[in-house]
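Read the structure below first, then the notes.
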Amino acid sequence: MKAQPPIAASPGSPIPRFRRNDDPHWHWLEDRDDQAVTAFLDAANAECDHWFAPLEALVESLYRGHLARRELAIVGLKTPLERYTYWSETAAEADYPTWWRHPNGAPERRERLLDLETRASERHYLELGDLAISPDEQWLAWTEDSRGDEYFDLYLCQLPHGEPQLLLEGIGPELTWAEDNRTLLFTRYDATQRPASVWRLTRDSGESILVFEETDAQFWVGLGKTRSKAWLVLETASKDTSECYLIPAHAPSTPPRCVRPRENGVEYSIEHRPGHFYVLHNRQAAHFCLDVAPEAQPDAWQSLIAHREEHTLEGVDAFAWGLVITERDHHEAQVHLRVLEFDSQHEPIGEQRLPLPETPCSLALGDTPDFATRRLRLHEESFTLPPRWVEHDLDTNARRLLKSQPIHGDLPPEQIVCRRLWATSHDGERIPVSVVARADLLGRQALPTLLYGYGAYGEVLDPWFSVARLELLSRGMAFAVAHVRGGGDRGEPWYLAGKLEHKANSFSDFLAARDALVEAGLSDGEHIAAYGASAGGLLVGASVNLDPGAFCAAVLDVPFVDVLRTMENPDLPLTTAEYTEWGNPAEPAVRRRIRDYSPLDNLAALPYPPMFLQASWHDSRVPYWEPAKLYARLTELDTTHGPTLLRTDMAAGHGGASGRFKAWQDNARQDAFILWALGLAEQRLAEH
């Protein structure tokens with residue numbers, strides 16, 4: 001398959017100028033202190049800008065069209081706590097939100113808590129890590145990353161008008177207040193940027209004291225507090241094993257108590273109602289089950305919801321009256337919320353599954369901090385349903401719309417449709433594929449299509465709405481999602497079937513999804529582009545290596561493509577923690593397996609499609625050099641049917657630009673490349 005012809009002559013590739021004959025794999029790019037590295041990336045950026053010059057009008061049109069479709073001035077959903085009601089507001093011209101509050105019942109007495117727009121005005125980058133209000137609602141603590149490297153600084157401010165105080169630098173993002181109104185808990189990194197320890201800081205003294213330290217390099221620590229406000233919970237977990245510790249929230253200097261010692265391969269999490277703990281775990285239950293334990297004996301687990309073959313239990317939220325269970329149907333790849341109520345003797349008195357707005361869709365419990373409330377806030381969304389928040393009354397089953405995202409412009413959501421089809425992979429497994437397009441086009445003709453995938457860590461690609469996507473759909477393309485193994489779309493078994501020795505299933509599934517779209521007559525086989533970010537970049541890169549003719553173009557955003565070399569370097573962030581996801585290449589069989597699919601280790605003189613590679617200089621998860629090396633080595637092969645482009649954001653981290661307008665501009669450039677590749681660069685919404 002071929003994309004459109006190149007639209008601009010290259011000013012000359014930087015590859016010949018920077019090639020080092022003694023380093024054919026371009027490993028020298030890993031030295032960020034070498035001035036030649038930034039010179040190389042600047043030259044690649046200049047080449048990329050030159051190529052895009054003829055598309056700048058399209059980039060601007062996409063960007064302006066995106067702005068015209070969304071409500072730029074945003075007022076967040078208000079959330080009441082005991083004394084005050086809190087919300088955020090983003091001005092129409094602002095990149096960042098401002099947080100506000102007013103006393104409950106007195107909306108005219110509003111107070112500004114935190115103005116991120118002003119704080120960002122003096123920085124090239126700003127990302128909020130966590131925001132925490134003290135239990136008495138007199139203190140605000142937050143963490144922020146001002147570099148993009150995911151090292152956070154801790155600030156504290158006395159409300160309502162105190163000056164922010166910088167307390168600590170270079171810590172983790174998470175914060176939790178103890179119930180004494182004096183103590184903050186936070187995390188610190190080790191030398192590989194692994195969250196390795198939990199500390200407590202006393203507000204009045206400023207002293208930091210170590211609470212818990214994890215010495216196993218495969219485990220990361222996290223912290224939280226139960227909705228009941230009775231317990232602080234410390235969790236240490238690898239990709240397949242976890243262990244929880246409890247501290248009374250009103251006595252934060254109490255040594256942490258282990259709930260149950262870790263068992264290899266057993267994951268568990270804990271929730272609380274007075275008198276009981278609820279433990280979600282996979283001990284002898286591959287799809288997870290729910291146990292209950294007396295509060296005085298949190299390790300005495302007794303079955304509450306047994307293991308089931310057809311569902312995975314994904315989460316539990318405790319309230320004064322009972323539990324909200326998040327579960328996933330394996331057959332339909334659909335999430336559900338189930339409500340379970342108890343009487344004063346802890347006997348079940350009622351159970352209901354909350355309704356879905358449509359299928360497939362996303363459904364989740366929204367921000368509902370009130371432990372006693374019987375009005376649940378739900379977040380609903382799909383490929384055709386813009387995000388909305390609904391209040392569900394458990395006593396009446398009445399539903400009240402609290403907030404929805406407004407959509408403007410010439411392609412309203414009711415004029416787009418979603419269809420779910422099932423691809424057959426190499427081993428006969430059925431792979432869900434979601435496709436969304438204009439209602440007047442889908443199924444009536446084969447459409448140019450963008451195929452998206454991820455397929456790692458058990459992450460679920462439940463349907464999500466995108467304003468930017470409307471700009472693409474309006475021009476006549478379809479957007480499809482391959483729900484491949486390695487993700488969690490069909491529950492825990494789906495994840496296990498796409499990791500470690502089964503990783504190759506992810507790539508076969510992605511290619512099967514592509515073929516199913518063509519066979520169903522929904523997609524034009526000559527015009528299918530692929531998109532993957534981070535571990536999704538591995539998915540797309542490996543799939544293109546297997547069948548470079550399957551796609552007319554590929555976009556790889558901060559792609560994890562140097563898998564073998566990264567996993568052989570335990571000094572890099574994430575490496576040791578991810579042995580249970582990819583395997584430890586110190587084992588010869590594992591090394592061979594990773595080598596056989598790692599995109600950079602399987603490049604050959606193949607007819608690669610045009611590729612747009614995106615990187616970030618401060619990315620601590622997928623270092624900039626992975627896409628940079630892929631760009632260099634693909635360019636040297638000189639077998640691509642079109643450009644291989646690299647763009648590195650020198651002021652961003654793994655998530656890209658922090659300000660929303662810069663992020664939207666970057667997205668418009670990416671979408672212009674996709675439209676060019678699909679032959680739709682000049683297409684406009686037809687009258688219909």
Side-chain angles (χ1 to χ4, degrees), residues 15 18-31 426 453-457 484 486 498-511 530 532-551 554-576 578-609 611 613-615 619 621-640 644 646:
I15 299 303
F18 288 91
R19 179 184 292 113
R20 298 182 181 180
N21 293 332
D22 62 340
D23 188 0
H25 298 296
W26 294 78
H27 295 324
W28 68 270
L29 288 170
E30 297 176 9
D31 184 4
H426 67 105
Y454 187 75
Y457 307 115
V484 304
K499 64 180 291 192
L500 295 173
E501 68 271 21
H502 306 298
K503 186 59 197 170
N505 285 337
S506 302
F507 318 135
S508 298
D509 294 353
F510 193 71
L511 292 169
S534 193
L538 161 61
L539 173 70
V540 172
S543 298
V544 169
N545 275 339
L546 290 171
D547 188 357
F551 304 102
V555 176
L556 282 73
D557 189 11
V558 293
F560 181 37
V561 289
D562 201 3
V563 185
L564 180 58
R565 185 171 173 85
T566 293
M567 295 307 298
E568 287 182 325
N569 186 352
D571 294 330
L572 289 174
L574 301 180
T575 294
T576 54
E578 302 215 345
Y579 287 156
T580 51
E581 180 74 23
W582 315 106
N584 186 345
E587 302 173 30
V590 173
R591 188 182 191 279
R592 287 193 297 272
R593 185 176 74 230
I594 296 175
R595 182 198 61 202
D596 287 347
Y597 68 72
S598 176
L600 266 173
D601 293 292
N602 289 277
L603 298 178
L606 301 171
Y608 288 101
M611 291 197 188
L613 312 177
Q614 300 178 95
D619 194 337
R621 296 175 182 262
V622 178
Y624 68 87
W625 61 73
E626 295 203 26
K629 286 194 281 186
L630 181 59
Y631 158 73
R633 292 173 62 181
L634 277 172
T635 302
E636 284 188 313
L637 287 174
D638 195 28
T639 58
T640 59
T644 299
L646 171 68

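We're numbering straight along the sequence, starting at 1.
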When you measure from the side chain of [X] to the backbone of [Y], do you find a donor-acceptor pair of N or O atoms at a distance under 3.5 Å?
{"X": "R595", "Y": "D601", "value": "no"}
{"X": "E626", "Y": "F560", "value": "no"}
{"X": "T575", "Y": "T566", "value": "yes"}
{"X": "S598", "Y": "I594", "value": "no"}
{"X": "Y624", "Y": "L29", "value": "yes"}

[X] versus [Y], closest heavy-atom pair with distance:
{"X": "H426", "Y": "S508", "result": "CD2-CB, 3.3 Å"}
{"X": "P609", "Y": "F551", "result": "CB-O, 3.2 Å"}
{"X": "A628", "Y": "L646", "result": "CA-CD2, 3.8 Å"}
{"X": "G537", "Y": "P559", "result": "CA-CB, 3.7 Å"}
{"X": "V561", "Y": "P599", "result": "O-CD, 3.4 Å"}
{"X": "Q614", "Y": "P627", "result": "O-CG, 4.1 Å"}

Decide side chain to side chain contact (heavy atoms under 4.5 Å, CB included) for D562 and V622; before the verdict, give the C-alpha distance in whole Å, the side-chain angles of both, and the deciding distance to 0.1 Å. CA-CA 9 Å; D562 201 3; V622 178; over 6 Å; no
Sub-4.5 Å side-chain heavy-atom contact between T644 and L630: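 They are not in side-chain contact.
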Would a 4.5 Å heavy-atom cut-off, applied to side chains only, mark R565 and N569 as touching?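 Contact flag for R565/N569 side chains = no.
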Check each of Y597, Y608, F507 against N545 using the side chain to side chain contact (heavy atoms under 4.5 Å, CB included) test, and report the only one that passes.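 Filter result, single survivor: Y608.
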Please step through side chain to side chain contact (heavy atoms under 4.5 Å, CB included) for the pair V590 and M567, ending with a clear verdict. CA-CA 11 Å; V590 173; M567 295 307 298; over 6 Å; no
To the nearest 0.5 Å, what is the distance between [atom1] on [X] and [atom2] on [Y]?
{"X": "K629", "Y": "L634", "atom1": "NZ", "atom2": "CG", "result": "13.5 Å"}
{"X": "K503", "Y": "E581", "atom1": "NZ", "atom2": "CD", "result": "6.5 Å"}
{"X": "F18", "Y": "W28", "atom1": "CZ", "atom2": "CH2", "result": "6.0 Å"}
{"X": "L511", "Y": "S506", "atom1": "CG", "atom2": "OG", "result": "11.0 Å"}
{"X": "E636", "Y": "H25", "atom1": "CD", "atom2": "NE2", "result": "10.5 Å"}
{"X": "R19", "Y": "W26", "atom1": "CZ", "atom2": "CH2", "result": "6.0 Å"}

Taking it one step at a time, do L600 and R633 satisfy side chain to side chain contact (heavy atoms under 4.5 Å, CB included)? CA-CA 8 Å; L600 266 173; R633 292 173 62 181; 3.7 Å; yes
Could you walk me through whether Y457 and W582 satisfy the ring pair (Phe, Tyr, Trp, His ring centres under 6.0 Å) test, starting with their C-alpha distance in whole Å, then the side-chain angles of each, then the deciding distance to 0.1 Å, before giving a yes or no? CA-CA 10 Å; Y457 307 115; W582 315 106; 5.8 Å; yes
